[in-house]
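Working notes for the structure below.
Note that the coordinates shown come from a computational prediction; the quantities given were computed from them, not determined experimentally.
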Amino acid sequence: MSSVHHRTATVDSHEIFYREAGPADAPTIVLLHGYPTSSFMFRGLIPLLADDYHVIAPDHLGFGHSDAPLADEFTYTFDALAELTSGLLDQLNLDRYALYVQDYGAPIGWRLALRHPERISALVTQNGNGYEDGFVESFWNDVWAYGANPGPDTEPAVRAALSFEAIRWQYVHGVPDPSLVSPDTWEHDFALVSREGNDEVQLALFRDYRNNRPLYPLLHEFLRTSGVPVLAVWGRNDEIFGPAGARAFARDAEDAEVHLVDGGHFLLESHLDVVAGYLRGFLGRVLA
């Protein structure tokens with residue numbers, strides 16, 4: 001089994017942490033994590049890929065082991081996080097790679113693909129939304145209201161998402177056997193979100209999320225015209241990004257491969273081997 005290295009790089013004066021494994025001359029796959037986690041979510045997947053692929057998994061600024069400047073020291077937007085990720089990949093001299101995106105990783109990954117479409121060898125989305133179809137209204141209505149009119153009337157509903165119980169819910173809802181999900185996951189994430197000032201970082205990104213939606217038509221055009229292979233492997237019981245969001249990729253991506261698995265938002269925690277099997281089979285076919 002390949003060793004996993006834990007490294008940092010300075011990008012635009014910020015220390016960005018990333019995990020790296022596998023042969024440097026093998027096809028590269030970049031793993032982009034979601035909220036409220038970090039590259040920690042890929043700790044089980046990386047060793048299952050690293051024998052055959054060069055794996056890079058960064059922590060976004062404000063998450064995990066990367067720098068987390070306060071919200072009045074850095075303007076947290078998905079544009080800014082994508083810019084830092086692009087800068088990291090440039091430093092690592094990566095000019096061709098597959099993307100695996102989940103949750104927040106999706107809008108960051110879409111920006112990378114639209115900025116440098118020639119670099120993308122394949123797209124894998126695991127509960128990473130790219131269509132209006134995917135939004136579950138009961139979750140997102142409060143986010144849209146806060147983004148449109150931030151203030152004391154709309155903030156409490158989204159601030160509640162930073163609580164211990166809300167983070168635990170993200171991991172266990174929709175999982176038929178919640179005992180498969182280690183409490184280390186939500187304990188780890190809650191500790192990092194609870195760092196002084198990090199709440200304002202997360203609120204800034206909640207406010208900015210609505211600015212991802214105008215990218216969707218551009219993403220769909222990219223999928224139609226590029227021919228990039230797409231795998232959507234999705235926890236079908238996710239109450240944040242519903243299964244319609246997975247099926248929608250088949251509208252624009254030719255021969256998109258879609259798998260709905262009996263799990264939730266953080267599918268790797270309960271169905272690691274299932275996801276890894278689909279992923280290795282897909283990458284083996286399209287990158288051969």
Please assess E20 against H54 for the test side chain to side chain donor-acceptor pair (under 3.5 Å), listing each intermediate value before the final yes or no.
-> CA-CA 7 Å; E20 182 173 20; H54 177 215; 2.7 Å; yes

Let me see the working for E15 and R7 under salt bridge (charged side-chain N to carboxylate O under 4.0 Å, His left out), right down to the final yes or no.
-> CA-CA 10 Å; E15 289 296 304; R7 310 188 193 276; over 6 Å; no

Heavy-atom pair with the smallest gap, counting every atom of A9 and Q91 | CB-OE1, 3.8 Å

Write down the atom of I167, the atom of L162, and the distance for their closest heavy-atom approach.
-> CD1-O, 3.8 Å

What do the steps show when you test D133 against R247 for salt bridge (charged side-chain N to carboxylate O under 4.0 Å, His left out), and what is the final call?
-> CA-CA 9 Å; D133 309 52; R247 298 187 189 100; over 6 Å; no

Describe, in one word, how the ring planes of Y131 and H220 are oriented to each other, choosing from parallel (under 30°), tilted (30 to 60°) and perpendicular (over 60°).
-> parallel

For Y171, is the NZ or CZ atom of R168 found under 6.0 angstrom from the centre of its six-membered ring and inside 45 degrees of the ring axis?
-> no

Do the non-hydrogen side-chain atoms of L89 and L112 ever get within less than 4.5 Å of each other?
-> yes

Determine which pairs satisfy ring-ring contact (aromatic ring centres under 6.0 Å, His included) with at least one residue from residues 74-94, sequence neighbours left out, and list them in order.
-> H14-F74, F74-Y76, F78-Y104, F78-Y209

Can you check whether V233 reaches F282 side chain to side chain, under 4.5 Å on heavy atoms?
-> no

Just checking, is any N or O donor in the side chain of Y146 or R207 under 3.5 Å from an acceptor N or O on the other one?
-> yes

Atom pair NE2 (H33) and CG (L268), whose distance is rounded to the nearest 0.5 Å = 13.5 Å

Indicate yes or no: at least one non-hydrogen side-chain atom of I240 is less than 4.5 angstrom from one of Q170.
-> yes

Taking all non-hydrogen atoms of both residues into account, name the closest pair between L48 and A276 and its distance.
-> CD1-CB, 3.7 Å

Pairwise side-chain contact, H188 with S38, heavy-atom cut-off 4.5 Å (strictly under) | yes

Candidates I46, L287, L279 - the one meeting side chain to side chain contact (heavy atoms under 4.5 Å, CB included) with Y53 = L287

Under 3.5 Å side-chain donor-acceptor pair for D103 and N127 = no

Could you label the plane-to-plane angle of the F63 and H60 rings as parallel, tilted or perpendicular, counting under 30° as parallel and over 60° as perpendicular?
-> perpendicular

If the plane angle is over 60° it's perpendicular, under 30° parallel, otherwise tilted; pick one for F249 and W234.
-> tilted

On a heavy-atom basis, the closest approach of S66 and L61 is CB-CA, 4.2 Å

L99 side, atom CG; I108 side, atom CD1 - distance, nearest 0.5 Å = 11.0 Å

In plain terms, say whether D90 and R119 are close enough for a salt bridge, that is, a side-chain N and a carboxylate O under 4.0 Å apart.
-> yes

